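Structure first, then comments.
Whatever order the structure lists them in is the order used to number ligands and atoms, beginning at 1. Since we're looking at a predicted model, the values are computed, not measured.
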Amino acid sequence: MAKKRTVEERSIDRASQQLLMRADELGLDTAFTRADAMAACPIGSGVSGMCCKNCFMGPCRITKGGQVGVCGATVDTIAARNMARAIAAGSAAHSDHGRDIAFTLLAAAEGEAQGYQIRDEVKLRAVARWFNVPTDGKTPQTIGKEVALKAMAEFGQQKGELAFVKRAPKKRQEAWRKYGIVPRGIDREVVDVLHRTHMGDDQHPEHILKGALRCAMADGWGGSMIATELSDILFGTPSPKVGQVNLGVLKDDEVNVVLHGHEPTLSEMIVAAAQEPELIAYATSKGAKGINLAGICCTSNEILLRQGVASAGNFLNQELALITGAVEAMVVDVQCIMQALPGLAGKFHTKFITTSPKVMIEGGMHIEFDEHHALDIARRILREAIDNYPNRGEVVIPDDAQDLVPGFSHEYINYMLGGSFRASFRPLNDAVMSGRIRGVVADVGCNNPRVTQDKSHTWLTRELLKNDVLVVQTGCGALASGKMGYLTGEAALEYAGPGLREVCEATGMPPVLHMGSCVDNTRILTVLTHMAQEGGLGDDIADIPAVGLAPEWMSEKALAIGAYAAASGACVIFGVESPIEFSQEVTRVMDQVWEKELGGRMVFVKDDEAMLRQTLAHIDKKRAALGLPEYDRARFGRSGDWRMEKIEALPLEERAEALYGGVR
Ligand code: XCC
Ligand code: SF4
């Protein structure tokens, strides 16, 4: 059995550490201890072998060079098929989320969705334009209905190109067409990958991965983009809001309802219902001071971004929230929901409630979501939670709750930089061109209990800031930064290098931007497109000095995002372990072949410092290719630099203490 890690080795988040100690005290298992007890399978993980179970002549296990499966499949074919299937599953999950939002928009436009309405007409009209829906003289309801139907049709489309593909820079579209990865229909591309990876089909690694890229494209420029855009139409396009994050947002004297998963549909209605005087009165009748909502994972990001609802944290906080003993109900929809939750909830008074027609878990209560009666369902769920308040036992709530300011949609960034007079990405491009900003990095993705929670996300963020790199974030990576206080502007400016600091001070833009949930990685595609179109940084996403990082990834969705980002021209670096390490060919295709054909690539780098080095090297390489001045941190913003210089002269240990000692 592997060794049990200390709480500090399991997480750098103090609130998590406190509850991990509590879990040890109570003898409760969590993903952290289960990861200690179960070493990752070295063959299934792709590190020292490859496993294929695509047919029942196997499963076949390849652990040495030259070995093949019963059917003759090589390690490269198996690695490519496994990667492609993971990308298809991830694309399916994101895209199906988008489909459900389209159903809700349709019901709302037809006046049949209780509680929902069209909140952002400007966005509705913009999306209508992309879908070629004429808007002249039509009511928002009619446009909404036509947009919803067009969105749904993108899923079932058999031939042609997805509508949002033409939002990308021209040159990017040409690269996609040339390499043959323009997605035809969202469902079709997922089915295509499942078909071609069935036993006895596509067995050419690069060709399999090309299918996987087309599928990922159907996610990034299809399903996920639909999810983001239609959510904005229904619930409003985000703009900065003050919120709070970490387990300390749970209240010891209110009914705590934790909303976990990914979709904004039901959670938005729960937010609305929680403000109803009757329900608040019902809560007080049970002895509580009120109803307190808190999110986990991307459902959290959705309602944090739009409604300012507090976040109890990221992926690895889900079990810890229950261990506070303070949660009356945990309500989940889809994705990233650990099966351990209902069992853990049973150790406390917590009611565990599944709501998606797609997700049921043994031991949980199921109250099924239906967009036609969402508000009534939300009320029923809140009543279940309130009824449970008197059953609460001993409570341990860490006092960690950090302020944060999320909500940087591309629309808002545009506005923030240019001001209302002339919204523009010009100041951002100028800052990159002058070298004040060295480049842009998206640090996104999950937590993974195989590595220390939040450590890589936050270390990389700090180091990138010091190197004058602007950091944008989504998903669990964003919540990691939030917990460390890096999403308030001032705190992050402490770390920012002189040039970046100068730009941020002049424009009011914080150096770390929380752009939303995981489907909102499509907002980053839009920002990069705007930057390419603004001029001065080439004319394609691949020209921009930008890198995507997923240092603590774990989900198939993360691989789908990585693949569409690489297809879109970005250099993407994943941490933890390489699931394709055992196949040199697949590693080569995803790195070199993709870079040659598409300008983007996807690599796996285990070590944080190596990840940082490669990130900066890529940025500098792109700067040089654009003929931009070499990055030189000494050129800008001398004010305040004495502090950084003094710190940088210190020996490593003291430097770490001086920089991070106060924040940890
Ligand atoms: Fe899930 Fe989106 Fe990963 Fe977090 S980051 S663990 S996928 S919640 Ni998408
Ligand atoms: Fe083995 Fe080939 Fe079947 Fe895979 S498809 S399990 S390699 S026989």
Item to check | Min side-chain heavy-atom separation Phe408-Pro240 under 4.5 Å | outcome: yes
Next on the checklist: Taking the basic N atoms (NZ, or NE/NH1/NH2) and the acidic carboxylate oxygens, is any pair closer than 4.0 Å for Asp232 and Arg306?
Outcome noted: yes
Next on the checklist: Tell me which residues fall inside the under-4.0 Å heavy-atom shell around ligand 1.
Outcome noted: His262, Cys297, Cys298, Phe315, Cys336, Gly445, Cys446, Cys476, Cys518, Met554, Ser555, Lys557
Checklist entry - Are Phe164 and Trp221 close enough that their ring centers fall under 6.0 Å? => result no
Checklist entry - Quick one: does Leu209's side chain get under 4.5 Å of Ile87's, heavy atoms only? => result no
Next on the checklist: Quick one, Asp333 and Thr354 - any side-chain contact, counting heavy atoms below 4.5 Å?
Outcome noted: no
Item to check | Parallel, tilted or perpendicular, as decided by the 30° and 60° cut-offs, for the rings of His262 and His97 | outcome: perpendicular
Checklist entry - Picking from Asn246, Asn301, Asp454, what satisfies side chain to side chain donor-acceptor pair (under 3.5 Å) with Asn314? => result Asp454
Item to check | Charged N-O contact under 4.0 Å between Arg34 and Glu319 | outcome: yes
Item to check | For ligand 2, the residues whose heavy atoms come within less than 4.0 Å (ordered by chain, then number) | outcome: Cys52, Asn54, Cys55, Met57, Gly58, Cys60, Gly69, Val70, Cys71, Ala73, Arg81, Met199
Next on the checklist: Between Gln67 (side chain only) and Thr63 (backbone N and O only), is there a donor and an acceptor less than 3.5 Å apart?
Outcome noted: yes
